[in-house]
Amino acid sequence: MANSPIVDLHAYQVAFVAPYVGGDPEVVLAPGDDLRLDDIDTLPDTEMPAAAKELARSLMTRFGRASFLDTFAYLRGFRVDPAAVTCPALALVGSGEGGEPRAQFERFCAEVAGRVTAHTFTADDGADTHCQLGNLAYSAAVVFDWLEELFARG
């Protein structure tokens with residue numbers, strides 16, 4: 001089960017930081033503009049909004065990188081070839097996740113070598129966000145229904 005399928009983590013994360021930095025950090029930031037963990041708290045909110053600071057801090061900490069640019073260079077190593085997935089797959093995405101998550105979901109569904117079942121959660125479901133945080137019970141029901149059907153087939 002891929003919820004949501006991320007086949008290129010670099011592109012996925014660029015989509016979330018681009019509004020704050022004006023594009024792919026490796027393209028739009030000069031090395032002198034790089035941000036280190038220790039720098040985050042010294043920046044005024046007028047220069048970098050609080051949400052952007054927390055996003056940067058979270059990314060650098062999660063991947064154990066010393067700087068923002070180093071983090072994005074590191075993320076280039078996280079790519080998956082959907083064609084390598086040969087087992088049955090359940091691909092899930094929320095309609096409110098955004099363009100890049102939707103594009104990666106569609107690529108995964110189109111390129112997976114095994115049988116793939118695709119499901120898009122909507123706002124009407126109360127589950128249109130990443131990992132369906134607004135309606136985990138419904139998300140779990142979709143997953144367990146798929147598993148039940150998969151194992152009933154043998």
Side-chain angles (χ1 to χ4, degrees), residues 1-123 125 127-136 139-140 142-143 146-147:
M1 285 161 268
N3 188 7
S4 57
I6 300 172
V7 296
D8 181 339
L9 188 56
H10 179 269
Y12 188 87
Q13 292 297 337
V14 165
F16 290 101
V17 302
Y20 298 111
V21 299
D24 180 341
E26 291 180 289
V27 174
V28 300
L29 296 178
D33 296 327
D34 197 4
L35 179 67
R36 303 185 73 69
L37 275 172
D38 294 343
D39 300 331
I40 292 174
D41 292 326
T42 67
L43 296 171
D45 289 349
T46 53
E47 188 174 328
M48 185 177 201
K53 290 178 191 178
E54 289 313 309
L55 180 59
R57 185 187 331 271
S58 174
L59 278 172
M60 287 186 273
T61 302
R62 182 180 317 145
F63 293 102
R65 311 321 289 176
S67 77
F68 201 58
L69 288 176
D70 184 40
T71 301
F72 277 86
Y74 183 69
L75 292 177
R76 290 190 178 282
F78 293 86
R79 291 195 173 109
V80 173
D81 177 7
V85 178
T86 58
C87 63
L90 174 62
L92 306 171
V93 70
S95 62
E97 289 192 59
E100 184 62 30
R102 182 70 195 190
Q104 292 200 29
F105 166 84
E106 290 172 4
R107 178 176 169 211
F108 180 86
C109 292
E111 296 179 14
V112 125
R115 183 176 71 242
V116 65
T117 301
H119 187 92
T120 300
F121 294 92
T122 67
D125 303 328
D128 62 329
T129 60
H130 182 68
C131 292
Q132 300 77 54
L133 293 178
N135 194 343
L136 293 173
S139 177
V142 169
V143 168
W146 178 78
L147 284 169

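Note that the structure is a prediction, hence the values are computed from the model and not measured.
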### Task
Find out whether Val112 and Pro5 are in side-chain contact, i.e. whether some heavy atom of one side chain is under 4.5 Å from a heavy atom of the other.
no
### Query
Phe16 and Pro101: which non-hydrogen atoms are nearest, and at how many Å?
CZ-CG, 4.1 Å
### Task
First locate atom CG of Asp70, then atom CG of Leu35, and finally report the distance between them rounded to the nearest 0.5 Å.
12.0 Å
### Message
Can you give me the closest heavy-atom contact between Thr86 and Ala83, atom names plus distance?
### Response
CG2-O, 4.3 Å
### Query
Heavy atoms, side chains only, cut-off 4.5 Å: are Phe68 and Val17 in contact?
yes
### Task
Report yes if the side chains of Val80 and Phe108 come closer than 4.5 Å at any heavy-atom pair, otherwise no.
no
### Message
Any non-hydrogen side-chain atom of Ser4 less than 4.5 Å from a side-chain atom of Gln104?
### Response
no
### Message
Out of the candidates Gln13, Arg76, Arg79, only one should pair with Asp8 under the side-chain hydrogen bond (donor to acceptor under 3.5 Å, both in side chains) rule; please name it.
### Response
Arg79
### Task
Locate the shortest heavy-atom distance separating His10 from Phe72; write the atom from each residue and the value.
CD2-O, 3.0 Å
### Message
Suppose we screen for side chain to side chain contact (heavy atoms under 4.5 Å, CB included). Which residues come up paired with Arg57, at least two apart in sequence or across chains?
### Response
Leu37, Ile40, Asp41, Glu54, Thr61
### Query
Atom OH in Tyr12, atom NE2 in His130: separation rounded to 0.5 Å?
4.0 Å
### Donor-acceptor contact below 3.5 Å, side chain Glu97 vs main chain Arg102
no
### Query
From Thr120 OG1 over to Phe105 CZ, what is the distance, rounded to the nearest 0.5 angstrom?
4.0 Å
### Query
Should we count CZ of Arg36 as having more than 12 external heavy atoms under 6.0 Å?
no
### Interatomic spacing from CH2 in Trp146 to CG in Leu90 - rounded to 0.5 Å
5.5 Å
### Task
Would you name the heavy atoms of Met48 and Ala56 that are closest together and state the gap between them?
CE-CB, 4.0 Å
### Task
Would you mind reporting whether Val14 and Glu100 have side-chain heavy atoms less than 4.5 Å apart?
no
### Query
Considering all heavy atoms of both residues, which atom of Ala123 and which atom of Asp128 are nearest to each other, and what is their separation?
N-CB, 3.5 Å
#### Entry: Reported CG-to-CG distance for the pair Leu69 and Asp33, which is rounded to 0.5 angstrom
8.5 Å
### Query
When rounded to the nearest 0.5 angstrom, what is the spacing between OH in Tyr20 and NZ in Lys53?
12.5 Å
### Message
Main chain of Asp125, side chain of Asn135: is a donor-acceptor contact present, judged purely on distance under 3.5 Å?
### Response
yes
### Task
Compare every heavy atom of Ala91 with every heavy atom of Val116, then report the nearest pair and how far apart it is.
CG2-CB, 4.2 Å
#### Entry: Chi angles and distances behind the ring-ring contact (aromatic ring centres under 6.0 Å, His included) call for Phe63, Phe78
CA-CA 11 Å; Phe63 293 102; Phe78 293 86; 5.8 Å; yes
